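Scroll down for the structure; my scribbles are underneath it.
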Amino acid sequence: ALPVHGIAGTNQERTFLAVKPDGVQRGIVGDIIARFEKRGYKLVGLKMVWPTKEMAESHYADLSKKPFFGGLVNFFSSGPIVCMCWEGKDIIKQGRQMLGETQPLASKPGSIRGDFSIDLGRNICHGSDSPEAAAHELAMWFPEGVNDWSKTVDAWVYES
Ligand code: IDP
Ligand code: MG
């Protein structure tokens with residue numbers, strides 16, 4: 001049977017990851033993409049978007065009551081971000097682990113935030129934190145959909 005893409009818990013699980021404006025400015029986009037590519041994950045959506053304030057507010061709506069919300073929205077809409085949809089086994093959780101902790105100072109070396117960032121409000125990257133968030137964020141950032149391509153090397157990445 002053909003794989004049904006985007007179902008959490010399958011080898012076709014999908015998540016939304018983004019390089020935030022600081023990561024774009026600092027030229028880390030390629031490094032971040034390379035980490036997920038080299039691990040074996042499949043890139044199925046990729047584009048640069050300059051978020052409006054409204055898009056930033058919507059993306060971070062669950063944090064709207066926090067005191068840092070205004071600064072976060074201004075920062076997130078201060079320049080283009082790189083939007084990605086990555087696919088593969090356990091990608092939602094693994095993606096978060098590869099990003100590191102929200103607080104860069106608590107992030108291990110080897111994680112993106114642990115390798116490239118210091119301050120909480122300049123922590124380089126975003127990743128969906130649950131299957132529900134992934135579905136919601138992918139619908140918001142990729143309303144046009146993503147690419148259901150089959151990666152021929154998958155037989156060398158997955159046992160089955
Ligand atoms: P996450 O990005 O690891 O999912 P969230 O709690 O969803 O973390 O917060 C979203 C973003 O808001 C964080 O990545 C960080 O840049 C910023 N942020 C979170 N907590 C604080 C805070 O206490 N002060 C300032 N900025 C914060
Ligand atoms: Mg979050």
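Start at 1 and go down the list; that is how both ligands and their atoms are numbered. Just so it is clear, the model here is predicted, and its values are computed rather than measured.
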Open item on the list: Please determine whether ring pair (Phe, Tyr, Trp, His ring centres under 6.0 Å) holds for the pair Phe36 and Trp86, giving the CA-CA distance in whole Å, both sets of side-chain angles, and the decisive distance to 0.1 Å.
Closed with: CA-CA 8 Å; Phe36 288 90; Trp86 286 93; 5.4 Å; yes
Going by the atom numbers of ligand 1, which of them fall below 4.0 Å from some non-hydrogen atom of [X]?
X: Tyr60; answer: 10 (C)
X: Leu63; answer: 7 (O), 9 (O), 10 (C)
X: Thr102; answer: 1 (P), 3 (O), 8 (O), 13 (C)

Between [X] and ligand 1, which part of the residue brings a heavy atom under 4.0 Å of the ligand: side chain, backbone, both or neither?
X: Lys20; value: side chain
X: Asn123; value: side chain
X: Lys66; value: neither
X: Asp129; value: neither

Checking the side chain of [X] only, and the main-chain atoms of [Y] only, is there a donor and an acceptor separated by less than 3.5 Å?
X: Glu13; Y: Ile92; value: yes
X: Ser77; Y: Val73; value: yes
X: Asn11; Y: Lys89; value: no

Task: Lys/Arg cation over aromatic Phe142: Lys47, 6.0 Å, 45° cone - done: yes
Task: Ring centre gap for Tyr60 and Phe69 strictly below 6.0 Å - done: no
Open item on the list: Regarding ligand 1, does Leu120 bring an N or O atom to under 3.5 Å of one of the ligand's N or O atoms?
Closed with: yes
TODO: Give yes if a backbone or side-chain nitrogen or oxygen of Arg122 is under 3.5 Å from a nitrogen or oxygen of ligand 1, and no if not.
DONE: no
TODO: Decide if atom CD of Gln103 counts as having more than 12 heavy atoms of other residues, nucleotides or ligands within a radius under 6.0 Å.
DONE: yes
Task: Closest protein heavy atom to atom 18 (N) of ligand 1, given as residue, atom name and distance to 0.1 Å - done: Phe68 CE1, 3.5 Å
Task: For atom 11 (C) of ligand 1, closest protein heavy-atom neighbour - done: Leu72 CD1, 4.0 Å
Open item on the list: Taking Asp90 first and then Arg96, would you say they form a salt bridge - that is, a charged N and a carboxylate O separated by under 4.0 Å?
Closed with: no
- [ ] Determine whether any heavy atom of Phe75 lies closer than 4.0 Å to an atom of ligand 1.
- [x] no
Open item on the list: Is the ring pair Phe16/Trp141 parallel, tilted or perpendicular, if the boundaries are 30 and 60 degrees?
Closed with: parallel
Open item on the list: Measuring from atom 4 (O) of ligand 1, which candidate in Arg96, His126, His59, Arg113 has the nearest non-hydrogen atom?
Closed with: Arg96
